[in-house]
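Here is the structure we will look at, set down as structure tokens.
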Amino acid sequence: QVQLVESGGGSVQAGGSLRLSCAASGYTYNKYTMGWFRQAPGKEREGVASIDDAGTTVYADSVKGRFTISQDNGKNTLFLQMNSLKPEDTAIYYCAAGFGRRLLAARLMTGAYSDWGQGTQVTVSS
């Protein structure tokens with residue numbers, strides 16, 4: 001059974017940084033796609049960034065140049081380094097995992113993923 005547990009959320013002022021982590025267990029696929037999503041109150045869940053087992057990354061336009069997704073395969077951990085945070089980045093951030101290398105065009109869509117974490121709150125104040 002796949003388990004994804006996020007951590008690292010918190011409150012920060014605009015311009016600050018946070019690093020999210022996602023610890024994955026029970027995931028034995030050699031080829032996979034993992035991603036970070038976020039959901040603000042009253043809004044739909046949106047894709048932020050994704051990475052596959054080959055290290056190929058995809059970013060939403062709204063976070064390009066500010067966020068970096070990475071992974072530590074030895075520790076089965078996914079990261080999201082968030083710099084230059086803005087109030088509009090405030091949301092619950094979710095880690096997601098899917099079997100295989102998804103099409104690049106689909107990697108920021110919720111339907112590309114089968115497993116989800118419980119989320120971690122990120123609040124950015126102005």
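- Between the CG atom of Leu80 and the OH atom of Tyr93 there is a distance of 7.5 Å, given to the nearest 0.5 Å.
- Between the side chains of Ser17 and Asn83, at least one donor N or O lies within less than 3.5 Å of an accepting N or O.
- Legend: residues meeting side chain to side chain donor-acceptor pair (under 3.5 Å) with Asp115, ordered by chain and number and at least two apart, are absent.
- Looking at every heavy atom in both residues, Tyr113 comes nearest to Ser50 through OH-CB, 3.3 Å.
- Judged by distance alone, the side chain of Thr120 and the main-chain N or O of Ser7 form no donor-acceptor pair under 3.5 Å.
- Between Asp53 and Arg101, at least one side-chain nitrogen of the basic residue sits less than 4.0 Å from a carboxylate oxygen of the acidic one, meeting the salt-bridge criterion.
- Using modelled atom types, one side-chain atom of Thr33 and one backbone atom of Gly100 make a donor-acceptor pair closer than 3.5 Å.
- Remark: the backbone N or O of Thr110 is not paired with any side-chain donor or acceptor of Trp116 at under 3.5 angstrom.
- A cation-pi arrangement is not found for Arg38 relative to Tyr94, the charged atom failing to lie both closer than 6.0 Å to the ring centre and inside a 45° cone about the ring normal.
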- request: Evaluate the criterion side chain to side chain contact (heavy atoms under 4.5 Å, CB included) for residue pair Leu104 and Thr56; output intermediate values, then yes/no.
  value: CA-CA 9 Å; Leu104 290 178; Thr56 301; 3.9 Å; yes
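- Across Arg102 and Ala112, no two heavy atoms sit closer than the pair NE-O, 2.9 Å.
- Within the 4.5 Å cutoff, side-chain heavy atoms of Ile51 are placed close to those of Leu78.
- Taking Arg66 as the reference, Asp89 meet the side chain to side chain donor-acceptor pair (under 3.5 Å) condition, with sequence neighbours excluded.
- Side-chain contact between Tyr59 and Thr68 is present, with at least one heavy-atom pair separated by less than 4.5 Å.
- The backbone N or O of Cys22 sits nowhere less than 3.5 Å from a side-chain atom of Glu6 that would complete a donor-acceptor pair.
- The minimum heavy-atom distance linking Ser126 with Ala14 is given by the pair CA-CB, 4.3 Å.
- The shortest non-hydrogen separation linking Gly47 to Ala60 is O-CB, 3.5 Å.
- Both Val63 and Leu18 are part of a single hydrophobic cluster, where members link through side-chain heavy atoms under 4.5 Å apart.
- Judged by distance alone, with hydrogens and angles left aside, the side-chain atoms of Gln71 form no donor-acceptor pair with the main-chain N or O of Thr77 at under 3.5 Å.
- Between Arg107 and Asp52 there is a salt bridge, since at least one side-chain N of the basic residue sits less than 4.0 Å from a carboxylate O of the acidic one.
- Contact annotation: the side chain of Asp72 approaches that of Phe79 to within less than 4.5 Å [non-hydrogen atoms, C-beta and beyond].
- No donor-acceptor distance shorter than 3.5 angstrom exists from the side chain of Gln3 to the backbone of Gly26, with no hydrogens or angles considered.
- Taking 4.5 Å as the limit, some side-chain heavy atom of Cys95 sits within range of a side-chain heavy atom of Met34.
- Heavy-atom minimum distance, Leu4 versus Ala24: CD2-CB, 3.6 Å.
- Smallest separation of non-hydrogen atoms from Leu85 and Met82: CD2-CB, 3.8 Å.
- Looking at Trp36 and Leu20, their side chains come closer than 4.5 Å, going by heavy atoms from C-beta outward.
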